[in-house]
Amino acid sequence: MNIPRPRGTRDLLHETLRAFLRIENAASSVFERFGYQPIRIPIFERAELFIRSVGEETDIVSKEMYTFQDRGGRDLTLRPEGTAGTARAAIENGLLSRGEARKFYYTGPMFRYERPQAGRYREFWQTGIESFGSNDPLIDAETILCAQLFLDELNIAPVRIRLNSVGSGERHTYADALKQHLQPNFENLGPQDKARFENNALRLLDSKDPNTKRMLENAPSILDFLSDESRAHLDAVQNALDAAGVKYQLDPSIVRGLDYYTGTVFEISVDSLGAQDVVVGGGRYNGLIEQLGGKPTPGIGFAAGIDRLALAMSAQDSLEETSPLIQVWIVAIGEEAKPRAFALLNEIRRAGMRADMDYQGRGVRSQLRTADRLNAHYAVILGEDELARGEATLKKMSDGTQESAPLDETAARLRQSVPTNT
RNA sequence: GCGGACGUAGCUCAGCUGGUUAGAGCUCCUGACUGUGGAUCAGGAGGUCGGGGGUUCGAAUCCCCUCGUUCGCCCCA
């Protein structure tokens with residue numbers, strides 16, 4: 001191949017694309033039931049937006065962003081996630097001035113310069129919701145319910161929901177306590193965990209090093225460091241989830257990587273996926289809007305990975321049969337019949353059916369074979385004989401039966417015979 | 001960014017320790033069936049053996065580099 005696609009990008013085709021479209025449809029359907037309205041934001045933003053919101057020290061910003069200068073010398077970044085841009089748009093368009101909570105959902109490609117593997121691409125798709133303006137724990141619970149219904153709608157199961165709270169400022173004092181706990185054994189940590197110890201101690205909690213895990217067994221839990229307010233908020237979220245019958249685990253080791261998270265955080269993973277198994281991640285970000293220059297406004301949301309959901313769907317074989325691409329196939333025989341067949345094709349399409357014909361001058365046999373392969377409901381045969389009678393032959397592909405219809409009634413006849421919902 | 005595996009036709013793969021024009025199945029096209037699909041049979045099309053370099057009389061096969069995919073780490077959706 002001469003010019004292959006860039007690493008970590010994909011051409012979406014066939015079943016994969018069908019899965020994507022189904023996921024996007026389920027997303028808007030479910031999200032709108034929860035009162036979210038669609039929003040589309042730029043695919044590139046000023047680099048500064050992500051540095052300020054996601055956090056300069058995070059991996060996403062420090063080594064995974066596609067940042068470039070445009071011809072005017074502006075520093076721009078291909079969006080690595082959707083929350084920052086949505087928050088920016090809400091501020092910029094004055095969407096936060098009304099009293100009630102404002103809810104938005106987005107869908108689109110995101111970009112991160114990571115090492116690709118199954119379920120992780122440099123261009124990947126997310127759909128997500130953001131709710132601004134309320135700090136009610138019920139909104140936290142609702143956000144999780146929304147994610148759950150979304151996954152249910154796609155028949156993705158079983159699913160593991162994990163909940164935690166990182167507090168507002170408490171994560172910092174907790175991180176210090178964690179470091180204090182591990183300090184005596186610092187030399188026993190692996191090189192990777194030593195780096196985490198220095199840069200992002202909370203990350204130690206999901207270390208896979210068995211040695212580190214052992215050292216953490218008696219470590220303090222963030223739950224013990226939450227302020228009364230944070231603790232009460234978390235309790236309220238749990239009560240709401242319990243009341244709604246949601247099965248989840250309280251997991252103090254859940255640490256979200258983006259700096260803007262405060263309080264409630266959660267992740268939903270699917271067992272069938274392997275290493276990249278988190279399909280939904282989200283949480284509360286009460287400081288974000290203010291940080292981006294808006295009035296202090298609480299917020300919460302989640303992002304779902306469409307690529308991973310599609311993988312989970314094929315892994316679970318929950319992709320349903322799709323309707324045939326073509327319902328009616330026109331078979332023209334001979335040069336004189338072609339223009340008339342072409343006109344008839346147009347009428348059939350105008351009558352609302354998916355129809356097509358051969359443009360490669362192939363024989364009757366081949367044309368019918370194509371009709372068969374495309375799973376067309378009908379083949380319409382038009383040759384000298386039919387032209388002479390002013391009729392078309394309608395062949396029902398499922399049983400091979402044929403009937404004749406006057407040319408000017410053919411489209412209407414098909415409209416009645418072709419199954420409507422396919 | 002780190003470690004491992006893999007890369008032969010559109011797809012799934014074969015090709016023994018390097019040896020003449022690189023194979024099979026499926027798919028596709030044509031015909032048997034001069035205007036009728038799904039079956040069968042016959043023929044055909046389709047390959048820079050991921051790319052580059054090296055070793056050799058000779059490389060799909062051995063070596064190096066590179067690109068890509070994949071598994072794990074990391075990170076995260």
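In what follows, chains are A, B, ... by sequence order, proteins preceding strands, each numbered from 1.
At a cut-off of 3.5 Å, with distance as the only test, a side-chain donor of A/N135 or A/N286 sits close to an acceptor on the other residue. A donor and an acceptor atom, one from each side chain of A/S53 and A/Q291, are nowhere located under 3.5 Å apart. With no hydrogens or angles considered, no side-chain donor-acceptor pair links A/D209 and A/S207 at under 3.5 Å. A/R256 and A/N164 share no side-chain donor-acceptor pair at under 3.5 Å.
Comparing the same atom, P, in B/G37 and in B/G31 gives a spacing of 12 Å after rounding to whole Å. Nucleotides B/A22 and B/C64 have their C1' atoms positioned 25 Å apart, rounded to a whole Å. B/A59 and B/G18 are spaced 13 Å apart, taking the P atom of each and rounding to whole Å. B/U66 and B/G7: their C1' atoms are spaced 13 Å apart (whole Å). Spacing of P atoms, B/G50 relative to B/G15, comes out at 15 Å, to the nearest Å. Separating the C1' atom of B/U12 from that of B/C28 is a span of 16 Å, rounded to the nearest Å. When the P atom is used for both B/G58 and B/G4, the distance is 32 Å, rounded to whole Å. For the C1' atoms, the distance from B/C33 to B/U48 is 41 Å, rounded to whole Å.
Distances shown here put a side-chain N or O of A/R369 below 4.0 Å from the OP1 or OP2 atom of B/U30. In terms of phosphate contacts, A/R256 brings a side-chain nitrogen or oxygen within less than 4.0 Å of OP1 or OP2 of B/A77. Look at A/T370 and you won't find any side-chain N or O under 4.0 angstrom from OP1 or OP2 of B/G37. Not one side-chain nitrogen or oxygen of A/R308 sits closer than 4.0 Å to the OP1 or OP2 atom of B/A77. The side chain of A/K63 places no N or O atom within less than 4.0 Å of a non-bridging phosphate oxygen (OP1 or OP2) of B/C74. A sub-4.0 Å separation between OP1 or OP2 of B/U69 and a side-chain N or O of A/R7 is present. OP1 or OP2 of B/C74 has at least one side-chain nitrogen or oxygen of A/R196 nearer than 4.0 Å. Residue A/K395 places no side-chain N or O under 4.0 Å from the OP1 or OP2 atom of B/U36.
At the heavy-atom level, A/E81 lies nowhere under 4.0 Å from the strands shown. Among the heavy atoms of the strands lying under 4.0 Å from A/A118 are primed sugar atoms or P, OP1, OP2 only; no base atom is included. The residue A/Q360 sits apart from the nucleic acid: no heavy atom pair falls under 4.0 Å. Contact annotation for A/G257: backbone-only contact, meaning every heavy-atom pair under 4.0 Å involves sugar-phosphate atoms and none involves a base. Counting non-hydrogen atoms under 4.0 angstrom, A/G128 reaches nothing in the nucleic acid. A/S366 comes within contact range of the sugar-phosphate backbone alone, with a heavy-atom separation under 4.0 Å but no base atom that close.
Using N1 to N3 plus N6-O4 or O6-N4 for Watson-Crick, or N1-O2 and O6-N3 for G-U wobble, each under 3.5 Å, B/U12 pairs with B/A24. Pair check for B/A32 finds B/U40; Watson-Crick or G-U wobble, both atom distances under 3.5 Å. Pairing partner, B/C6: B/G68, with both Watson-Crick or wobble hydrogen-bond distances short of 3.5 Å.
At whole-Å resolution of the value, CG in A/L154 and C1' in B/A77 are 14 Å apart. Between A/R365 atom CZ and B/C29 atom P the separation is 12 Å, expressed in whole Å. Note: CZ (A/R373) to P (B/A39) measures 10 Å, nearest angstrom. To the nearest angstrom, P of B/A77 lies 15 Å from CG of A/L151.
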In 5'-to-3' order, the base (B), backbone-only (S) or no-contact (-) status of each nucleotide in nucleotides 1-9 of chain B, using a 4.0 angstrom heavy-atom cut-off, is BBB------
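Separation of the A/F31 and A/Y105 ring centroids falls under the 6.0 Å cut-off.
RNA chain B is contacted by both A/D385 and A/V280; A/D385 maps to the nucleotide lying nearer its 5′ end (nearest heavy atom per residue).
Between A/D356 and A/R349, at least one side-chain nitrogen of the basic residue sits less than 4.0 Å from a carboxylate oxygen of the acidic one, meeting the salt-bridge criterion. Taking a cutoff of 4.0 Å between a charged side-chain nitrogen and a carboxylate oxygen, A/D307 and A/R10 qualify as a salt bridge. The pair A/E142-A/K103 meets the salt-bridge criterion, with a side-chain N (NZ, NE, NH1 or NH2) lying under 4.0 Å from an Asp/Glu carboxylate O. Note on A/E386 versus A/R340: no salt bridge recorded, every NZ/NE/NH1/NH2 to OD/OE distance being 4.0 Å or above. Between A/R102 and A/E130 there is no salt bridge, since none of the side-chain N atoms of the basic residue sits less than 4.0 Å from a carboxylate O of the acidic one.
Side-chain atoms of A/Q276 stay outside donor-acceptor range of the base of B/G72, with no qualifying N/O pair under 3.5 Å.
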